[in-house]
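Taking it in order: structure first as structure tokens, then the write-up.
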Amino acid sequence: MTWCWLARTEERPEGALAAARIRFDGFLAVFPADAPAPPGERKLDARAIDPDGPAALVSLVLVPDDLTIPFDDPAVSGALRASLTAPWPDVLSTLVVGESRFGGALTAVRDGNRSRLDADPFARIFPARILELGPGLLGWTPPPTGPVVQRYGGGEPWPSDRFVESRSGNPSAAGH
Amino acid sequence: MRDDLQPGNRLPDLELRDHAGNERRLSELAGGDPVVLTFYRGWWCPKEQSFFRRLVGFQDEVEVAYTRMVSISVDPPEVQAAFRAGLGARWTFLSDAERRYVHELDLLETTDTLHRPYVPTAFTLFPDLAICGVWNGYWTWGRPSLEELRRDLREITRAIRRDWEVPSA
């Protein structure tokens, strides 16, 4: 699995791959790719998930449901470039809606240093909310090699960083 | 340079810290993509500064072409991070501050007894680290032009992408 559904829920959900409590604001949870799509239908890089992961500070950018923008919008590409230039956080995944829409981004740090989230480049596109997230959801996203800012196939988040042949039968479908 | 570091042979799968201090492996950094790998003397060398400014321009093409870039020197990670930030580079730098591979690869620049750096050397690699092209950049004109890199990356991409020719309807 290269991605999973991300959703905020009021209660700890049944059937989630992992979930963590947001301070004062319910839960952040992820669901398997073959589960029904939750509200918002946002896909997260599965490498970001670790059910045994520690607490984290999260900068969560969510594009309003009725206002998604193309993933290839220059504003998004610029944010991807900026994220490759800046010190890499502990977790970073863009959120994808459908095959090609930008639904936001999740950036997290685990050392409690909120200033590391101040320059979240995705917050230049839409406002970010800072969440204090409990343990049980986020792991570590390895920094991408760079400088690729393209996604590896339709529907995939960035930086999930290689083509997955089994899903499309074609290693570079929607690539090029 | 070691005799077997020639086109058709495979480069060793180096394990080094990146510019942020994370342990990385070259094959993991390659993923399934072609790689431009450059060994460089250090931030202090004006030839490197010139060459890397060209690579920084090149990354605007590479970023949409499913191709990775990796650079290796004996500088510590924090020095590499500063050099990378100063350049505006968006690819991974690997630190061999302990000089673990400089002798194994026979890439020590013997004429610089002060820094004991890598001989500037550039490789184009297939995803399995098989060497496509190699350039000895001890003299500036020995380094690859961007056109030479493009030619190799086209060759590698054509070889590894089954849909190089547009699939028929």
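Residue numbering restarts at 1 for every chain, and letters A, B, ... go by the order of the sequence lines. Computed from heavy atoms alone, side chains included, the values below leave out hydrogens, waters and symmetry copies.
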Checklist entry - Can any side-chain N or O of B:Q59 pair as donor or acceptor with the backbone N or O of B:R90 at less than 3.5 Å? => result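 Checked: pair present.
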Item to check | Residues in ring pair (Phe, Tyr, Trp, His ring centres under 6.0 Å) contact with A:W158, at least two apart in sequence or another chain | outcome: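 Per chain and number, A:W158 pairs via ring pair (Phe, Tyr, Trp, His ring centres under 6.0 Å) with no residue.
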Checklist entry - Which atom pair, heavy atoms only, marks the closest approach of A:I125 to A:V76? => result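 Where A:I125 meets A:V76 most closely, the heavy atoms are CD1-CA, 3.8 Å.
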Next on the checklist: Under a 4.5 Å cutoff for heavy-atom pairs, which residue among B:V70, B:T157, B:T67 has the most contacts with chain A?
Outcome noted: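 Between B:V70, B:T157, B:T67, the count favours B:T67.
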Item to check | ring-ring contact (aromatic ring centres under 6.0 Å, His included) between B:Y101 and B:F39, intermediate numbers included | outcome: CA-CA 11 Å; B:Y101 294 108; B:F39 292 89; 9.0 Å; no
Item to check | For chain B, which residues of residues 77-91 of chain A have heavy atoms nearer than 4.5 angstrom | outcome: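 Only A:R81, A:L84, A:T85 of residues 77-91 of chain A have a heavy atom under 4.5 Å from chain B.
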Item to check | Residue pair B:F52, B:Y40: steps toward the ring-ring contact (aromatic ring centres under 6.0 Å, His included) verdict | outcome: CA-CA 9 Å; B:F52 273 67; B:Y40 69 102; 4.8 Å; yes
Item to check | Test item: B:D33 and A:T145 side chains (from C-beta on) under 4.5 Å apart, heavy atoms | outcome: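 Heavy-atom side-chain distance check fails, nothing below 4.5 Å.
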Item to check | Under 4.5 Å from any heavy atom of chain B - which part of A:P144 | outcome: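 Just the backbone, heavy atoms under 4.5 Å.
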Checklist entry - Does atom CZ of B:R116 have more than 12 heavy-atom neighbours, drawn from other residues, nucleotides or ligands, at distances under 6.0 Å? => result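 Result for CZ/B:R116: open.
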